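Every chain is numbered from 1 and lettered A, B, ... according to where its sequence line falls, protein lines coming before strand lines. Worth saying up front: this structure is predicted, and the values here are computed from it rather than measured. Hydrogens, waters and symmetry mates play no part in the numbers below; they use all other heavy atoms, side chains included.
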There are 2 protein chains.
Amino acid sequence: MSTSKEKVIDSAQELFHLKGFQNTSIDTILEHTGVTKSNLYYHFKSKEELGLLILEKRISEYERRFFSETLENTSISPEQRLKNYYKKVTAYHKNLDCRNGCPFGNLALEMSDINEKFRLRLSEFFNHWQRIIELCIKEGIKQKQFRSDISSKAISQLIISHLEGAILMVKTHRSTIPLSSGSKTIMKLIKSA
Amino acid sequence: MSTSKEKVIDSAQELFHLKGFQNTSIDTILEHTGVTKSNLYYHFKSKEELGLLILEKRISEYERRFFSETLENTSISPEQRLKNYYKKVTAYHKNLDCRNGCPFGNLALEMSDINEKFRLRLSEFFNHWQRIIELCIKEGIKQKQFRSDISSKAISQLIISHLEGAILMVKTHRSTIPLSSGSKTIMKLIKSA
DNA sequence: CTATTAGGACTGACCGGTTAGTCCTAATAA
DNA sequence: TTATTAGGACTAACCGGTCAGTCCTAATAG
């Protein structure tokens with residue numbers, strides 16, 4: 001049996017992703033968990049704290065599931081690693097019925113202008129994310145899989161921007177095509193001649 | 001002197017872009033305009049109607065200011081047209097102090113999962129936007145400025161996804177670099193060998 | 001063995017404030 | 001006379017958050 005605290009965290013994580021942080025009320029979380037409001041505020045001092053905590057949880061989960069298992073899996077070639085990563089992301093969103101979007105992109109867009117804590121943490125994570133991709137690209141350039149006339153940094157910045165935008169398109173068009181087709185275009189463009 | 005209706009539209013347009021649609025209350029619009037609530041509801045039957053109307057206004061304004069003047073300006077070469085477009089978009093966000101983000105991307109992310117009217121209109125506009133870019137790319141390929149081994153459709157889809165993602169990064173990192181640097185990378189990648 | 005204390009988990013009632021939207025009357029302007 | 005504007009009272013639902021106090025368990029003191 002999970003504790004109230006765990007139930008709140010799990011439910012809030014899901015709701016924040018599905019409906020956004022601001023658009024998810026404390027009362028909705030309460031309804032979904034059966035936990036009382038006073039109990040929730042016993043465990044978390046504010047909605048902001050809960051949101052920040054869930055952001056941390058998402059980040060470590062993403063680093064484990066998406067970075068370690070694909071982009072940083074050095075037993076595979078850089079090109080195949082990137083392909084696997086794209087495949088995994090696409091499958092993730094297909095499984096979510098093209099709704100929800102990227103939890104990080106959503107939060108960044110929603111909170112950057114109104115809450116510095118969220119913005120700074122997200123900014124830091126995006127930088128980390130970009131460096132993970134950059135290492136993969138750098139190795140791919142060294143192995144002559146990727147073209148060498150553009151810096152690995154520039155390419156990785158492009159990849160992460162495109163990824164976030166493509167997920168936004170997936171959500172708006174309710175189709176994974178922008179992601180699956182876009183990633184293929186990226187792969188072709190960065191391939192060495 | 002502008003009418004109440006015009007004042008509401010102008011003010012709401014600005015506020016929706018700055019703070020988001022849901023996060024802008026009717027009362028805030030009232031404060032900013034000096035218009036009374038009964039008057040606002042005399043002109044608009046709901047907040048949704050007001051939002052949809054402002055979306056239409058934004059769309060036609062964007063088509064006029066960004067499409068006609070740069071991407072569709074056939075007196076310039078396709079490559080230069082695309083460069084000018086990027087320059088204009090970057091300047092736009094720099095002028096906004098890297099805040100706000102893209103009005104269409106913001107709305108798409110905020111509303112796609114909860115309001116079909118907004119989602120469908122936005123989806124349609126993104127498609128139109130993509131076709132405008134596609135025509136420019138197509139001509140650039142014909143003129144041998146852009147590489148011909150990837151379809152103009154695929155490239156234009158990539159460009160629009162990347163653009164939206166880059167603007168998200170601009171907002172999160174509070175810097176135009178993701179946009180200015182990313183657009184240069186795109187230009188290099190699609191240039192013919 | 002028993003009385004006391006400490007602390008974590010939890011409760012239900014309640015708070016002030018905000019939300020979009022309604023309704024009605026009356027004044028004013030084209 | 002018809003479209004617009006003003007003013008204000010009102011509603012029902014919702015918002016994040018607080019409060020005093022209860023329940024249970026485990027450690028400690030006499």
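For the 3.5 Å distance criterion, the side chains of A:Gln80 and A:Asn84 qualify, holding a donor opposite an acceptor. Counting only N and O atoms by type, the side chains of A:Glu63 and A:His128 include a donor and acceptor under 3.5 Å apart.
Atom CD in A:Glu48 sits 11.5 Å away from atom CG in A:Leu55 (nearest 0.5 Å).
We find that CD1 of A:Ile29 is positioned 15 Å from P of D:dC14, with the value rounded to whole Å. Rounded to whole Å, the distance from CD on A:Glu31 to C1' on D:dC14 is 11 Å. When the P atom of D:dT4 is taken as reference, atom NZ of B:Lys5 falls 8 Å away, rounded to whole Å. Nucleotide C:dA20 holds its P atom 10 Å from the CG atom of B:Leu30, rounded to whole Å. Following rounding to the nearest Å, A:Asn23 (CG) and C:dT18 (P) show an atom-to-atom distance of 19 Å.
Using a distance-only test at 3.5 Å, with no hydrogens or angles considered, no donor-acceptor pair links the side chain of A:Arg119 to the main chain of B:Lys171. Side chain of B:Ser192 to backbone of B:Lys144: a donor-acceptor contact under 3.5 angstrom is found.
Residue-level contact check: A:Thr28 touches neither bases nor backbone, having no heavy atom under 4.0 Å from any strand.
In terms of position on DNA chain D, the residue among A:Ile26 and B:Gly34 whose nearest nucleotide sits closer to the 5' end is B:Gly34.
Within a heavy-atom distance below 4.0 Å of DNA chain C, the residues of residues 35-48 of chain B found are B:Lys37, B:Ser38, B:Tyr41, B:Ser46, B:Lys47.
In A:Lys57, the NZ atom is crowded: over 12 heavy atoms of neighbouring residues, nucleotides or ligands sit closer than 6.0 Å.
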